[in-house]
**Q** 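Encoded as structure tokens, here's the structure I'll be asking about.
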Amino acid sequence: MESYEMLPRDFYERDPALVAGDLLGKVLVRRMDSEALSGKIVETEAYYGEKDPASRAYRGKKRFNEVMFGEPGRAFIYMVHTWWLLNVVAHREGEVGAVLIRALEPLDGIEQMRENRGRSDAHDLTTGPGKLTRALAVTKELNGIDITRDDGPLTVVEGTGEGFEIGSSHRIGVRRDLPQELRFFIRGNGFVSR
DNA sequence: AGGAAGATCTACT
DNA sequence: GTAGATCTTCCTA
């Protein structure tokens with residue numbers, strides 16, 4: 001793997017929508033015992049706290065969502081319809097929020113991802129929030145871990161810095177959305193979920 | 001103890 | 001495009 005620079009804690013100590021946009025083009029790294037799996041982040045969504053009816057934090061702090069209320073730069077993982085979804089805790093001091101990682105462009109460890117997913121098509125490995133967690137073997141076990149550590153199982157690092165255009169839309173699959181557009185994606189990238 | 005909801009995916013028509 | 005699978009967590013009784 002190339003040498004990468006970690007995103008520091010203060011990257012995540014900002015409004016979730018800002019963090020969601022800035023995570024595009026960065027690289028998510030999943031370190032396993034034997035190898036590292038990685039992918040470029042190409043699609044994200046921002047979620048807030050009690051003012052956001054689509055958020056897991058909408059009804060207040062519970063055991064399963066408590067990391068969303070805590071330190072930015074940690075993984076928040078929870079399940080929907082049998083699929084684990086991966087978020088990064090992101091919010092300003094005293095607030096609540098997270099960014100959902102919705103799609104990746106696979107980089108390292110594609111063969112392992114194929115095995116984890118039981119599919120061969122590279123465009124069917126990480127092109128959705130539930131698919132990518134399975135491809136990267138992300139489960140509840142990683143809930144709450146610090147992703148700003150460079151020796152942990154999950155981290156986000158700088159990308160190659162290639163230019164791209166950011167698109168936005170309303171969030172996908174939510175029952176009640178906010179008026180703002182809180183989904184962000186790399187325009188024209190073939191690994192965006194739709 | 002039981003039911004319902006949910007930021008999904010897959011398979012089928 | 002739509003239905004069904006499937007499971008964790010929460011809510012109510």
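Labels below follow one simple rule: chain letters A, B, ... track the order of the sequence lines, proteins then strands, and each chain is numbered from 1.
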**Q** Over how many whole Å does the gap from A/Trp84 atom CH2 to C/dT6 atom C1' extend?
**A** 13 Å
**Q** Would A/Asp146 and A/Arg9 pass as an ion pair if we require N to O under 4.0 Å?
**A** yes
**Q** So which atom in A/Pro16 and which in A/Ala98 form the shortest heavy-atom distance, rounded to 0.1 Å?
**A** CB-O, 4.1 Å
**Q** Below 4.0 angstrom from OP1 or OP2 of B/dG6, is there any side-chain N or O of A/Arg175?
**A** yes
**Q** Toss me the dot-bracket line for DNA chain C: Watson-Crick and G-U wobble, both under 3.5 Å, 5' to 3', using | for pairs to another strand and [ ] for crossers.
**A** |||||.||||||.
**Q** Does A/Arg149 pair with A/Asp151 as a salt bridge, N-O distance under 4.0 Å?
**A** yes
**Q** To the nearest Å, give me how far apart CZ (A/Arg59) and P (B/dG6) are.
**A** 8 Å
**Q** Using the ring of each side chain (for Trp, its six-membered ring), is A/Phe76 parallel, tilted or perpendicular to A/Phe64, with breaks at 30° and 60°?
**A** tilted
**Q** Do A/Arg117 and A/Asp124 sit within salt-bridge range, that is, some charged N less than 4.0 Å from a carboxylate O?
**A** yes
**Q** Measure from CD1 on A/Ile77 to C1' on C/dT8 and round the result to the nearest Å.
**A** 14 Å
**Q** Nearest whole angstrom, please: distance from the C1' of C/dT9 to the CZ of A/Phe64.
**A** 7 Å
**Q** Taking all atoms of both residues into account, what is the closest heavy-atom pair of A/Leu154 and A/Arg30, and its distance?
**A** CD1-CD, 3.9 Å
**Q** Can you pull out the residues from residues 43-53 of chain A that lie within a 4.0 Å heavy-atom distance of DNA chain B?
**A** A/Tyr47
**Q** Starting from C1' on C/dC10, measure out to OH on A/Tyr58 and report it in whole angstrom.
**A** 16 Å
**Q** How many Å lie between NZ on A/Lys61 and C1' on C/dT9, as a whole number?
**A** 18 Å
**Q** Got a salt bridge between A/Arg171 and A/Asp52, using NZ or NE/NH1/NH2 to carboxylate O under 4.0 Å?
**A** yes
**Q** Would you name the heavy atoms of A/Val99 and A/Ala90 that are closest together and state the gap between them?
**A** CG2-CB, 4.1 Å
**Q** Applying the side chain to side chain donor-acceptor pair (under 3.5 Å) criterion to A/Arg183, which one of A/His170, A/Glu43, A/Glu45 satisfies it?
**A** A/Glu43
**Q** Which heavy atom of A/Gly144 sits nearest to which heavy atom of A/Arg74, and what is that distance?
**A** O-NH1, 2.9 Å
**Q** Rounded at 0.5 Å granularity, tell me how far OH in A/Tyr47 sits from CG in A/Asn87.
**A** 8.0 Å
**Q** Which nucleotide in the set C/dT9, C/dC10, C/dT8 lies at the smallest distance from any side-chain heavy atom of A/Lys62?
**A** C/dC10
**Q** Can you check the A/Glu141 CD to C/dT8 C1' distance for me, whole Å?
**A** 15 Å
**Q** Mark up nucleotides 8-13 of chain B, 5' to 3', with B wherever a protein heavy atom is under 4.0 angstrom from a base atom, S wherever such an atom reaches only the sugar-phosphate, and - elsewhere.
**A** BSSS--
